[in-house]
Peer 1: 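Sending over a structure as structure tokens; questions will come in a sec.
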Amino acid sequence: MAENLDIEDLRAMLAQTLELPLAEIGDESHFTEELEMDSLMSLEIASNLESRYAITIRDTDFAQARTLVQLHDLVAAKIEERSAA
Amino acid sequence: MTATSDDIVITGVGLAVPGLGGAADLLGAPSGTDGFDPATGLTGREMRNKDRASRLALHCAHTALRDAGLVDADGYTGDRDTTAVVVSSNLGTLEGLCQAVDTIAEQTVVGLSPLGLPGTSSNVVAGWVAIRYGLRGPNLTVCNGATSGLDALYWARNLIAAGRAGAAVVVGVEPANEAVTRMLGRPSTDVAAALVLEPARTAAARAADGRATIGRYARTADLAGAVAAATGGAEAIGLRLTGADLEARLGPCSGALGVLQVAAAAAHLSGGGRGPVLATTGGAPEDDAAAALVLTACGH
């Protein structure tokens, strides 16, 4: 059962995966430049999002989302796609 | 004994042992101040998503490299292309492997986390240390039972003597966790030590202090044979480190033991203690071999 999308849930998931305090995950914090996210962490986050929201995220999609707000938009669009299908 | 240009010396020492500050604490009662605390010492961005053995190794490797004068704000200042990393650990990856196997049994491979994958590699600790400092020299893990720590020192020394590496970071590490405790049948302890090895001439060229010179080493089936081969039967020994006292104080040290002993030897010799120091590991009925390594003071 897919969960409803909430930006605060995404923030908490990022904080947990990146092992950073919640406060460091700003809406516009850059994933690689500020939060030092590497490819393994990206894979982990994408895989968590896929199972949590029942969506498919391609590597190229994830590479486009570089902040929490952008990631939220990406997941929202993927949920929309899924619902439309 | 005076160091010669072909000698290989220890120029940096670092520890990650709960409650202990520096290597001198291995020789007697700890000074009690600024002892290592895993709760605070194993956090920070460079520690994220790493197994406990790697975190302990990164902590003590940094201390050793700083002690050797080989790190600044921009990272490693030595020759990255020729610096080796040699790790000794017998049980470091046990917990990660057990967790991966349990997850596969319960959820199949789809339950595995990508972040846990590096922790299932037996070379994970050496890999993370190399990645952290950009070290592109030889990179290996010795997982060799009781003699592992002294063996790692020997192999690091050989890499330098043979010209395969210009310097080496040697780490001995064993993490405390449930899997290790189950395996040993008694509580496990976090123990890690790191040493920086360089040719004496390299250390002299950058005016770095040598703490001890790596002398003869032997690994044989029994302890008496190893000691006789390493000492040549002739040298008067100033200090014998059997490891028994360290394990009585710290708990089982396994693959970290030999590196901890050599850290203690370096503290003894650089503090003006009488040499040479003879470090021995293994030789108990349950061990498949014994190793002995002689360390001498560095000449000036």
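Throughout, protein chains are lettered first and strands after them, A, B, ... in sequence-line order, and every chain is numbered starting at 1. Because only heavy atoms are used, hydrogens play no part in the values below, and waters and symmetry mates are left out as well, while side chains stay in. The model shown is predicted, which means the values in this text are computed figures rather than measured ones.
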Peer 1: So which pairs with a foot in residues 81-99 of chain B pass salt bridge (charged side-chain N to carboxylate O under 4.0 Å, His left out), sequence neighbours left out?
Peer 2: B/D81-B/R136

Peer 1: Indicate whether any N or O donor in one side chain lies under 3.5 Å from an N or O acceptor in the other, for B/D151 and B/S148.
Peer 2: no

Peer 1: Would you say the side-chain atoms of B/T108 pair up with the backbone N or O of B/I104, donor to acceptor, closer than 3.5 Å?
Peer 2: no

Peer 1: Heavy atom to heavy atom, less than 4.5 Å: which residues from residues 17-28 of chain A reach chain B?
Peer 2: A/T17, A/L18, A/E19, A/L20, A/E24

Peer 1: Using heavy atoms and a sub-4.5 Å threshold, report which of residues 113-132 of chain B line up against chain A, by residue number.
Peer 2: B/S113, B/P114, B/L115, B/P118

Peer 1: Sort and list the pairs that fulfil salt bridge (charged side-chain N to carboxylate O under 4.0 Å, His left out) and have at least one residue in residues 29-41 of chain A, not counting sequence neighbours.
Peer 2: A/E36-B/R45

Peer 1: Check the surroundings of atom CE in B/M183: do more than 12 heavy atoms from other residues, nucleotides or ligands lie under 6.0 Å from it?
Peer 2: no

Peer 1: Parallel under 30°, tilted from 30 to 60°, perpendicular over 60°: which one fits the rings of A/F62 and A/F31?
Peer 2: parallel

Peer 1: Is atom CG of B/D37 surrounded by more than 12 heavy atoms (other residues, nucleotides or ligands) closer than 6.0 Å?
Peer 2: yes

Peer 1: Any luck finding a side-chain donor-acceptor pair between B/N90 and B/S254 under 3.5 Å?
Peer 2: yes

Peer 1: So does A/K78 pair up with A/E50, basic N to acidic O under 4.0 Å?
Peer 2: no

